[in-house]
Participant: 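Below: one structure in structure tokens.
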Amino acid sequence: MEHVNRLQDIHALGEDGIRELMAEMGQPAFRTKQLIEWVYEKNAQSFDEMTNLPKALRAQLAERFDFMAPTELLRQVSQDGSRKYLLQFADGVSVETVAMPQRNKLSVCVSTQAGCGMRCAFCATGLAGLTRSLTAQEIVSQVVHVARDFGERVTSVVFMGQGEPFANYDATIAALRMLNSEHGPNIGARHLTVSTCGIIPGIRAFSKLPEQFTLAISLHSAVQSTRNQLMPGVKKYTLLRLHEALQEYTEKTGRRPTYEYAMIEGINDTDPEMRALCDFCEGTLCHVNLIQLNDIPDSPFKPSPMKKLEELQRRLEQRGVETTIRNSRGNDIDAACGQLKQRITGFKSQK
Ligand code: SAH
């Protein structure tokens, strides 16, 4: 274990750091540009790949730096082409990442924490609790891993894997900026989406960012007592306060937040629940995504029948609220929303 971690993550240098390093190593200025390209644009994961750098320089760099690329422990491939990876970081902690290819698009769902502390009653990640938050580089490295695996550019990223992004706010924003950077994956801000269970200070800070990142809110019920039961971790951020914070968000940014609503039989698909959701949304700038709850083994919660989703969509649209019924992807490999649980048992490798 002793020699582990003595190397520094090359990504942490940033462009200025790389410039200083090249100067310090007596290298000509054009090496800075080459090294930045390899590290941030081409996503190199070893110095050996950097064939336009002299061998001696590559060896010197390798003595001091590495790429902190996660190790792929396992992967599963869905019938719909989605891939789920179990990726392990230097300290042995692992998270799940999901890649969803579609025509000429490639979306990635990243984790922001190993585990999650929010305890949502219907979510598999929540059951195991929080292990630790990820660093910005660890969040970005999941995207790099997928880009390399598919040999394609990643076109959008959703922060909807394990963890609560706004319980790891600074690393989340730093990762968004790295993904957005033209010296990096260069993904447009609108194609970068953060999903939160409704941590209000996070929403307020997010509203003030100059970038047009997209915001999604896990709502799941517009009835306070039901929401408290489903999402006990955000009890103190009441629906009233949430409504206010989102009003402020839309006024400030002019952007439309998305509400995620996973329909659970007999819990949030009843007539009063539907009415409460319509009231919550009516007259506000928002988009509602309805999905059927994904079944978690041993859970008392069951998915609502499709006709309930259709009924709720109809009712929302009658009240002028744009609504989409979403299909879950990767369900056959437990890669769908709320099913990530970094448990190795039952996670069969298809590599
Ligand atoms: N902590 C963030 C990010 C997790 S995103 C958040 O709460 O938004 C994952 C999305 O899947 C969230 O909307 C979450 O509420 C939802 N989800 C969790 N378990 C689910 C399940 N069993 N079925 C459907 N959606 C679920």
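Whatever order the structure lists them in is the order used to number ligands and atoms, beginning at 1.
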Participant: Check Arg315, Arg275, Arg319 against Glu282 for a salt bridge (Lys or Arg N to Asp or Glu O under 4.0 Å) and give me the one that passes.
Facilitator: Arg319

Participant: Evaluate the side-chain proximity of Leu277 to Tyr261: yes if any heavy-atom separation is below 4.5 Å, no if none is.
Facilitator: yes

Participant: With heavy atoms only and a cut-off of under 4.0 Å, state how Gln162 meets ligand 1: side chain, backbone, both or neither.
Facilitator: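 For Gln162, there is no contact with ligand 1 at all, from either part.
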
Participant: Could you tell me if Gln224 and Asn228 have a donor-acceptor pair between their side chains, going purely by distance under 3.5 Å?
Facilitator: yes

Participant: Cut-off 3.5 Å, side chains only: do Thr172 and Thr112 have a donor facing an acceptor?
Facilitator: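 No.
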
Participant: Side chains of Ser221 and Asn268: do they bring a donor and an acceptor to under 3.5 Å?
Facilitator: no

Participant: By number and element, which atoms of ligand 1 are closer than 4.0 Å to a non-hydrogen atom of Cys123?
Facilitator: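 Contacts of ligand 1 toward Cys123, numbered from 1: 18 (C), 19 (N).
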
Participant: Do Val144 and Leu35 sit in one hydrophobic cluster, given that two such residues count as connected whenever their side-chain heavy atoms are within less than 4.5 Å of each other, even indirectly?
Facilitator: no

Participant: So, Ser94 versus Gln88: side-chain donor-acceptor pair below 3.5 Å or not?
Facilitator: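 Ser94 vs Gln88: no donor-acceptor pair found between side chains.
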
Participant: Should you measure from each heavy atom of Ala262, which atoms of ligand 1 turn up under 4.0 Å away?
Facilitator: 24 (C), 25 (N)

Participant: Could you list which atoms of ligand 1 come closer than 4.0 Å to a heavy atom of Glu164?
Facilitator: 1 (N), 2 (C), 6 (C), 7 (O)

Participant: State whether Glu248 and Lys208 are salt-bridged, where the test is any N-O pair (Lys NZ or Arg NE/NH1/NH2 against Asp/Glu carboxylate O) under 4.0 Å.
Facilitator: no

Participant: Which ligand 1 atoms does Ser218 reach within 4.0 Å, using its non-hydrogen atoms?
Facilitator: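 Selected atoms, number and element: 6 (C), 7 (O), 8 (O), 12 (C), 13 (O), 14 (C), 15 (O).
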
Participant: Going by distance only, is there an N or O of Ala124 that falls short of 3.5 Å from an N or O of ligand 1?
Facilitator: no

Participant: May I ask you to identify, for Ser195, whether its side chain, its backbone, both or neither come under 4.0 Å of ligand 1 on a heavy-atom basis?
Facilitator: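 Both backbone and side chain.
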
Participant: Geometry only, no angles: is Gln292 polar-contacting ligand 1 at N/O separations under 3.5 Å?
Facilitator: no

Participant: Numbering the atoms of ligand 1 from 1, which are under 4.0 Å from a heavy atom of Gly161?
Facilitator: 4 (C)

Participant: Report yes if some heavy atom in the side chain of Phe65 is under 4.5 Å from a heavy atom in the side chain of Leu7; otherwise report no.
Facilitator: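 Phe65 vs Leu7: side chains apart.
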
Participant: Mark the output for Gly163 as yes if a heavy-atom distance to ligand 1 is under 4.0 Å, and as no if none is.
Facilitator: yes

Participant: Looking only at heavy atoms, is any part of Ile291 under 4.0 Å from ligand 1, and if so is it the side chain, the backbone, or both, or is it neither?
Facilitator: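 The part of Ile291 near ligand 1 is the side chain, not the backbone.
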
Participant: Counting heavy atoms only, name the option from Met160, His220, Glu260 that's nearest to atom 15 (O) of ligand 1.
Facilitator: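 Considering heavy atoms of Met160, His220, Glu260, the nearest to atom 15 (O) of ligand 1 sits in His220.
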
Participant: Can you sort out which atoms of ligand 1 are near Cys197, meaning under 4.0 Å from one of its heavy atoms?
Facilitator: 6 (C), 7 (O), 8 (O)

